Amino acid sequence: ESHKVKAGTPTMGGILIMISIFAATLLWADLTNFYIWIVLFIGAGFFVIGFYDDYLMQIKKRSNGLSAKGKFLLQVIVAFAGGAMLYIYPDFSSRITVPLLKTVSPDLGYAYVPFAVLVIVGTSNAVNLTDGLDGLAIGPVIIAAATYMMFAYVTGHIKIADYLQIHYVAGCGELTILCGAVAGAGLGFLWFNAYPAQVFMGDVGSLPLGAVLGAVAVITKQEILMIVVGGVFVLEAVSVILQVGYFKISGGHRIFKMAPIHHHFELKGWAEPKVIVRFWIVAIMLALFSLSTLKLR
Ligand code: 57M
């Protein structure tokens, strides 16, 4: 009910976000860098999926856009292609990092590709579910991009990586620029998406932004830590899984007043800006904790 006043707000602002990210990256990143192209490939693929979905809903006026299965399948195909290219790239290892544990670094072998798909597709859909209040998705996206900007720098710096005893991924420091572009484009978008929003990002924004963050998490070898850095996205996705699961097994009862969880707090009577800012506070705390895991190991 409270969202009815938002009807007619322009959407697909994600086009502007993604153009800004691509332009800044193509202008300032080293274009001989393999990882830059992998992340741009994944971002472009999810951009096309999101664009098509929004096109069906906004322009063709179909009520549901792409079918959930169709959308998921396309996401898996793009993420699989990206994961497979990383896997066969000779300089890239299929080992992963376990947060807080310095000496545990399992080699996933072939399983690395489905693992990368899980991280990329999972992050993309979780960001999409979060995108239901003004600035609610883009705030934590900016925070996560700034966090991974630091991870990319230290992971690609042979001396700092050695000092911190983390994986050194030669060339991944270039992703610092791409993450900076995501954070900068996100800030520009937030200017207009801040409550009361003048524009929404649409799937054309939420899907590629999540996928780009997931891809950066994979390349910087801080994949599992995405659960913490993107804790707000995880919370939103888990609230939906629990709500739907409990609804089915309990024969129609709910855990939350409504999922995703931001609707629960709205229905509890919190004003929209209060929900948004509190979720940002949680995102900042989680990002700071994530950074501390570089030393707390
Ligand atoms: C899309 N779309 C927003 C905007 C944005 C399984 C179920 C949990 C799925 C979920 C769903 O469909 N989620 C994905 C959510 C929509 O925003 C558009 O979509 C884009 C993102 N993909 O960029 O273009 C609306 O969100 C609001 N909004 C803002 N500010 C923003 O900056 O206020 C968005 C951005 C906008 C605007 O009102 O129109 C959305 O929420 O629809 N479904 C749901 O989230 C539904 N939940 C639900 O059914 N819960 C059930 C069960 C199934 C879990 C339950 O709890 O019992 C809610 N969707 C809507 N109303 N529309 C329920 C209430």
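Position 1 is the first residue of the sequence; numbering continues from there. As the structure lists them, so they are numbered: ligands from 1, and atoms in each ligand from 1. Note that this is a predicted model, so its numbers are computed, not measured.
Lys274 NZ: 12 or fewer foreign heavy atoms inside a 6.0 Å radius.
With a 4.0 Å cut-off on non-hydrogen atoms, Ala197 does not touch ligand 1 at all. Only the side chain of Leu129 comes within contact range of ligand 1, with a heavy atom under 4.0 Å; no backbone atom does. Contact annotation for Asp134 and ligand 1: heavy atoms of both the backbone and the side chain come within less than 4.0 Å of the ligand. Of the heavy atoms in Met12, none comes closer than 4.0 Å to ligand 1. Contacts between Val244 and ligand 1, counted as non-hydrogen atom pairs separated by less than 4.0 Å, involve the side chain only. Of the heavy atoms in Asp54, none comes closer than 4.0 Å to ligand 1.
Checked against a 3.5 angstrom limit, the closest N/O atoms of Phe200 and ligand 1 fall outside it. Between Gln243 and ligand 1, an N or O atom pair is found at a separation short of 3.5 Å. For a threshold of 3.5 Å applied to N or O pairs, the pair formed by Val240 and ligand 1 contains no separation below that value. In terms of N/O distances under 3.5 Å, ligand 1 is not approached by Pro260.
For atom 49 (O) of ligand 1, the nearest protein heavy atom is 4.0 Å or more away. At a distance under 4.0 Å, no protein heavy atom can be found next to atom 12 (O) of ligand 1. Checking atom 25 (C) of ligand 1 against the protein gives no heavy-atom contact under 4.0 Å. In this structure, atom 43 (N) of ligand 1 has no protein heavy-atom contact shorter than 4.0 Å.
Between Tyr148 and Phe151, the ring-plane angle classifies as tilted under the 30° and 60° cut-offs. Using bins of under 30°, 30° to 60° and over 60° for the plane-to-plane angle, the ring pair Phe256/His264 lands in the perpendicular bin. The aromatic rings of His3 and His263 sit perpendicular, their planes meeting at an angle over 60°, well past the 30° parallel limit.
Atoms of ligand 1 found under 4.0 Å from any heavy atom of Leu133 (numbered from 1 in listed order, with element): 28 (N), 29 (C), 30 (N), 31 (C), 32 (O), 33 (O). Taking every non-hydrogen atom of Met201 and a distance limit under 4.0 Å, the qualifying atoms of ligand 1 come out as 23 (O). Close contacts between ligand 1 and Thr11 involve ligand atoms 24 (O) [criterion: under 4.0 Å to a heavy atom].
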ask   = Should Arg297 and Ile166 be marked as a side chain to side chain contact (heavy atoms under 4.5 Å, CB included) after you check the CA-CA gap, both sets of side-chain angles, and the distance that decides it?
value = CA-CA 10 Å; Arg297 289 155 78 235; Ile166 55 171; 3.7 Å; yes
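Contact of the Phe47 side chain with the Ile17 side chain is not registered, since no non-hydrogen atoms from C-beta on lie closer than 4.5 Å. Within the 4.5 Å cutoff, no side-chain heavy atoms of Tyr163 are placed close to those of His157. Using a 4.5 Å heavy-atom threshold, the side chains of Val199 and Thr11 count as separate. With a 4.5 Å cut-off on side-chain heavy atoms, Lys60 and Tyr55 count as touching. Contact check for Asp30 versus Ile36: no side-chain heavy atoms found under the 4.5 Å cut-off. Contact annotation: the side chain of Val218 never approaches that of Tyr35 to less than 4.5 Å [non-hydrogen atoms, C-beta and beyond]. Using a 4.5 Å heavy-atom cutoff, the side chains of Pro140 and Phe279 are not in contact.
The closest non-hydrogen atom to atom 32 (O) of ligand 1, taken over Val127, Ile241, Asn193, Val5, comes from Asn193. Around atom 28 (N) of ligand 1, the closest heavy atom drawn from Gly50, Ser2, Gly132 belongs to Gly132. Considering each of Asn64, Thr130, Asn125, Asp203, the one bringing a non-hydrogen atom nearest atom 22 (N) of ligand 1 is Asp203.
Among all protein heavy atoms, the one lying closest to atom 17 (O) of ligand 1 is Asp131 O, 3.8 Å. Nearest protein heavy-atom neighbour of atom 14 (C) of ligand 1: Asn128 ND2, 4.1 Å. The nearest protein atom to atom 33 (O) of ligand 1, hydrogens excluded, is given as Lys6 NZ, 2.7 Å; this is a heavy-atom distance. The single protein non-hydrogen atom nearest to atom 38 (O) of ligand 1 is His3 ND1, 2.8 Å, given as residue, atom name and distance. If you check which protein heavy atom lies closest to atom 63 (C) of ligand 1, you get Met258 SD, 3.4 Å. At the top of the distance list for atom 56 (O) of ligand 1, counting protein heavy atoms only, stands Ala259 N, 2.6 Å. Arg254 NE, 2.8 Å is the protein heavy atom nearest to atom 57 (O) of ligand 1. Nearest protein neighbour of atom 41 (O) of ligand 1, counting heavy atoms only, is His263 NE2, 3.9 Å.
Taking Ser67 as the reference, Lys69 meet the side chain to side chain contact (heavy atoms under 4.5 Å, CB included) condition, with sequence neighbours excluded.
Stacking of Lys71 on the aromatic ring of Tyr52 is not recorded, the 6.0 Å distance cut-off and the 45° axial limit not both being met.
Of the residues listed (Thr130, Asp131, Asn128), the one engaging Ser206 in a side chain to side chain donor-acceptor pair (under 3.5 Å) is Asn128, and it is the only one.
Counting side-chain heavy-atom gaps under 4.5 Å among Ile, Leu, Val, Met, Phe, Trp and Tyr, the cluster of Ile158 also holds Tyr168.
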